[in-house]
Amino acid sequence: MNNHATRYGLWVLALSALSQPAQASTWQICRMDVRITEVVKRPYPQLQAQILKITPASATVECPEVGTTLTFTPETTDYQAPLPRRQWPGKGQSVRVDYRYLDGICKGDGNDYACRIKHYPLVDR
């Protein structure tokens with residue numbers, strides 16, 4: 001190995017040792033008990049629900065207020081896919097939703113902007 005390659009390798013090693021590891025944000029979770037008030041069909045199918053009870057995962061989580069109305073598309077418990085419509089709760093039913101969000105920076109048209117990724121998995125079904 002020549003001297004230049006050795007110095008380059010040591011420089012890369014030193015730089016990586018000095019760098020802080022990248023940290024990903026963590027999902028913030030609000031466990032909510034809701035009562036379905038409507039099945040909205042337009043512009044696309046969603047559930048509308050009144051929030052009955054909220055249990056935040058920590059004191060820093062921003063949860064909606066009890067009594068407010070929430071419109072959402074229910075998801076599977078692993079929040080990887082929308083729940084099939086035949087499995088949606090009906091009007092008047094009470095269900096538990098683990099509202100999860102992750103704040104970050106999104107990119108659009110070359111401009112960065114603050115955004116929030118939201119998920120609404122149904123639990124205990």
Side-chain angles (χ1 to χ4, degrees):
M1 186 182 248
N2 67 29
N3 197 16
H4 177 70
T6 302
R7 277 188 278 157
Y8 179 76
L10 289 174
W11 180 79
V12 169
L13 183 63
L15 185 61
S16 66
L18 294 174
S19 300
Q20 293 291 326
Q23 292 184 335
S25 296
T26 57
W27 288 100
Q28 303 298 313
I29 303 170
C30 297
R31 177 156 283 176
M32 304 186 299
D33 292 328
V34 302
R35 181 171 43 268
I36 306 304
T37 57
E38 197 68 49
V39 178
V40 179
K41 296 185 179 180
R42 292 186 183 187
Y44 48 89
Q46 291 186 299
L47 293 176
Q48 191 171 55
Q50 181 181 23
I51 301 171
L52 305 173
K53 179 183 172 188
I54 296 175
T55 308
S58 74
T60 61
V61 176
E62 297 173 15
C63 296
E65 300 274 329
V66 170
T68 59
T69 300
L70 177 69
T71 303
F72 64 99
T73 301
E75 297 173 285
T76 57
T77 55
D78 63 2
Y79 59 94
Q80 298 300 307
L83 197 63
R85 291 212 36 220
R86 67 183 173 279
Q87 295 178 14
W88 286 17
K91 186 175 178 177
Q93 279 188 281
S94 292
V95 294
R96 180 165 286 159
V97 176
D98 274 355
Y99 165 58
R100 298 170 180 262
Y101 69 88
L102 181 68
D103 290 330
I105 303 296
C106 293
K107 299 181 183 293
D109 296 331
N111 299 314
D112 294 351
Y113 60 95
C115 63
R116 178 171 281 182
I117 300 168
K118 300 176 184 180
H119 287 284
Y120 298 92
L122 296 186
V123 294
D124 300 334
R125 291 203 39 92

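Counting begins at 1 with the first residue of the sequence. These numbers come from a predicted model, not from an experiment.
- The CH2 atom of W88 sits 9.5 Å away from the CG atom of L122 when rounded to the nearest 0.5 Å.
- Between E38 and K91, the closest side-chain pair of non-hydrogen atoms falls below 4.5 Å.
- The disulfide bond (SG atoms under 2.5 Å apart) contacts involving residues 45-106 comprise C30-C63, C106-C115, where partners must be two or more places apart or lie in separate chains.
- When side chains are defined from C-beta on, Y101 does not count as touching I29, because their heavy atoms never get closer than 4.5 Å.
- Within the model, atoms CH2 of W27 and OH of Y99 stand 10.0 Å from one another, a figure rounded to the nearest 0.5 Å.
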Side-chain donor-acceptor pairs under 3.5 Å in residues 39-61, sequence neighbours left out?
| residue | atom | partner | partner atom | Å |
| --- | --- | --- | --- | --- |
| S58 | OG | T60 | N | 3.4 |
| S58 | OG | T60 | OG1 | 3.1 |

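- Judged as a side chain to side chain donor-acceptor pair (under 3.5 Å), and not counting sequence neighbours, the contacts of R31 are D98.
- Scored by the side chain to side chain donor-acceptor pair (under 3.5 Å) test, D112 finds K107 as partners (sequence neighbours excluded).
- Applying the salt bridge (Lys or Arg N to Asp or Glu O under 4.0 Å) test to every pair with at least one member in residues 113-123, sequence neighbours left out, gives these pairs: E62-R116, D103-R116.
- The backbone N or O of G90 lies less than 3.5 Å from a partner atom in the side chain of Q93, making a donor-acceptor pair.
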Please output the side-chain donor-acceptor pairs of residues 66-78 that fall under 3.5 Å, not counting sequence neighbours, one pair per line with the distance.
| residue | atom | partner | partner atom | Å |
| --- | --- | --- | --- | --- |
| T68 | OG1 | E65 | O | 2.7 |
| E75 | OE1 | H119 | ND1 | 3.2 |
| E75 | OE1 | Y120 | N | 2.5 |
| E75 | OE2 | H119 | ND1 | 2.8 |
| T76 | OG1 | D78 | OD1 | 2.5 |
| T76 | OG1 | A81 | O | 3.4 |
| D78 | OD1 | Q80 | N | 3.1 |

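- The shortest side-chain heavy-atom distance between V123 and V97 does not fall under the 4.5 Å cut-off.
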